[in-house]
Amino acid sequence: MYWYMPKDSVNSAFSNAKMKIKNDLNEIEFFNIIAPLVGLSREDHTNIEFSEETETFLNYEARYLPVNVVFLDKKMYISKQSNLYTKPLLGNEILSINGKNPIQLVYELGELFASDGFIKAVKFSDLNGFSFSKHYFLKYGFINEFVIQVKDSSGKIHMLELESQKFTDFSNSLVNNEKRETQKESLEFKLLNDTIAYLGVHTFSNSLYEQNRVHKKLSTFLEISFKTIVENNVSNLIIDLSNNGGGNEGNENLLFSYLADNYKKYKSVCAKSQVSILDNGIDEPIKLKTFGFFERIFGNDKMPDKSYCRKRNMGFGLMAYKKEPRYKYDGKLFVIISPVTYSGGSEFSNMIKTSNRGIFVGKETGGGYYGNTSGYSSELVLPHSRLLIDIPSLKFEMNVQNGEFGRGIIPDYKVVPTITEYLTKQNIPIKFILNGKASR
């Protein structure tokens, strides 16, 4: 809780929040008080969820701004709209909503969810799609009509009045959503030409690999891919992590093993305690546990301050990897990143960065360069509101160099698509690399 925030600042925020509770609150009103406290963790693995009853209300009773949006850098565009509004709005830039500009709105809505460290890009990317409309309702409640100022592709500015819609009505009336896309493979490999290969690793989740039609296991996929790379004398490799939000620990290490030398990946992996007792003196105390018996005894050492820290070589240990692969690639490497590159995806990127192994193209990663708090988590259900808070237990402190504390990896080449390129699903970072613009 205090990695990025001084303890006195956190205590002050909690005291101020308590002062706002002066009468009975519904779950959403209470959420607006405590969500910023969760955000103070500055750890995106810390999540807050509504009870089933409130989720039902949000899906069937609440009313929303009837558009999906996308932020390209700090500009906000309409990416999907309800067909109940006849004027075509796709691709229009939103300049203001009910008198507030997008930067103001992101600042206000961004208080309702956490992001790693001080990475501002995540506050924009996490509000893409319908998320913006949902958080707008959570913050401001029922609004019958939205007054929106937009700029069209010709540069002409218009004022629009849009009536709010229920989520079910909006989702059933989306323009540009008639055909459901076939599920994209989460592991992709192709030779782009005689010298360049593309490796799309869109997740590190084993359960998502199992949903693939072709490659259902990362280890097999990587061995086949790098065998092809070596046998074809590929000299340029693009690894696309722009949609990799992490997954199972160890998979990022496996990919790294094909690209660089082994080293001590983590300075430490520690849990503050094995058991925490939450007791407000009124409700039944709540006990949260970190490890199971075998993990606590055999995988960790108990420290003098009663914390538990991972042993160097047990289990995943602290090293980058355990085994050298048969096929190793030592050519030029480009890594495509974005604010969605997070958790294990960002850890892999951090390892490449601190090893000075690759050139980064895209946008700042969503995961912190110095590490994260994740791994085992405890579910805390607040006894009266029924809000659920996921509390991650392990502090993964990475052995990194030359980074800015509280930031992700800042790319060597920042590449942001235009709204036309985004809507037509063009991979602009790949084009940027293939055109020879990324070098050092």
Side-chain ([X]) to main-chain ([Y]) donor-acceptor, under 3.5 angstrom:
X      : Y      : result
Asn92  : Ser153 : no
Thr46  : Arg42  : no
Ser257 : Lys322 : no
Lys363 : Ser338 : no
Thr365 : Ser346 : no
Asp240 : Ser242 : yes
Asn350 : Gly368 : yes
Thr203 : Gly246 : yes
Asp169 : Gln165 : no
Arg357 : Ile352 : no

Go through Tyr4 and Phe405 one step at a time and tell me if the ring pair (Phe, Tyr, Trp, His ring centres under 6.0 Å) criterion holds. CA-CA 9 Å; Tyr4 297 104; Phe405 183 70; 5.0 Å; yes
Taking atom types as modelled and ignoring hydrogens, do the side chains of [X] and [Y] form a donor-acceptor contact shorter than 3.5 angstrom?
X      : Y      : answer
Gln426 : Thr424 : yes
Ser186 : Asn212 : yes
Glu347 : Tyr266 : yes
Gln401 : Thr354 : no
Lys289 : Gln274 : no
Asn280 : Asp283 : yes
His45  : Ser377 : no
Asn251 : Asn206 : yes
Ser207 : Ser205 : yes

Return the [atom1] to [atom2] distance between [X] and [Y], rounded to the nearest 0.5 Å.
X      : Y      : atom1 : atom2 : answer
Met76  : Leu105 : CE    : CG    : 6.5 Å
Phe396 : Ser374 : CZ    : OG    : 4.5 Å
Ile391 : Asn47  : CD1   : CG    : 11.0 Å
Leu72  : Glu93  : CG    : CD    : 9.5 Å
Asp126 : Phe113 : CG    : CZ    : 5.0 Å
Ser115 : Tyr342 : OG    : OH    : 9.5 Å

Neighbour count above 12 (heavy atom, 6.0 Å) for [X] [atom1]:
X      : atom1 : value
Lys139 : NZ    : yes
Lys414 : NZ    : no
Lys272 : NZ    : no
Lys216 : NZ    : yes
Glu231 : CD    : yes

Do NZ/NE/NH1/NH2 and the carboxylate oxygens of [X] and [Y] come within less than 4.0 Å?
X      : Y      : result
Arg310 : Glu249 : yes
Lys190 : Glu185 : no
Glu324 : Lys328 : yes
Arg407 : Glu364 : yes
Lys265 : Glu252 : yes

Might you point out which heavy atoms bring [X] and [Y] nearest each other, and give the distance in Å?
X      : Y      : result
Tyr263 : Asn399 : CE1-O, 3.9 Å
Ile94  : Ile97  : CG2-CG1, 3.7 Å
Ile28  : Phe50  : CG1-CE2, 4.0 Å
Lys184 : His202 : CE-NE2, 3.7 Å
Asp44  : Ala114 : OD1-O, 3.0 Å
Pro339 : Val122 : O-CG2, 4.2 Å

So, do [X] and [Y] sit near enough that their side-chain heavy atoms are less than 4.5 Å apart?
X      : Y      : value
Leu65  : Phe170 : no
Ile229 : Tyr327 : no
Leu208 : Gln211 : yes
Tyr308 : Phe291 : yes
Leu394 : Thr373 : no
Tyr209 : His215 : no
Phe14  : Leu37  : yes
Ile103 : Phe124 : yes

Distance flag, aromatic centroids of Tyr258 and Tyr329, threshold under 6.0 Å: no
Ring-ring centroid check Phe189 Tyr198, cutoff 6.0 Å: no
Steps toward side chain to side chain contact (heavy atoms under 4.5 Å, CB included) verdict (Ile389, Leu382): CA-CA 8 Å; Ile389 303 175; Leu382 299 182; 4.3 Å; yes
Yes or no on ring pair (Phe, Tyr, Trp, His ring centres under 6.0 Å) for Phe360 and Tyr413, after CA distance, side-chain angles and deciding distance? CA-CA 7 Å; Phe360 291 91; Tyr413 297 92; over 10 Å; no
Verify side-chain hydrogen bond (donor to acceptor under 3.5 Å, both in side chains) between Glu29 and Asn32, making sure each step is shown before the conclusion. CA-CA 5 Å; Glu29 290 169 335; Asn32 272 277; over 6 Å; no
Qualifying residues under ring-ring contact (aromatic ring centres under 6.0 Å, His included), relative to Tyr64, sequence neighbours excluded: Phe130, Phe137
side-chain hydrogen bond (donor to acceptor under 3.5 Å, both in side chains) between Ser385 and Glu27: does it pass, once the steps are laid out? CA-CA 6 Å; Ser385 66; Glu27 191 174 335; 5.8 Å; no
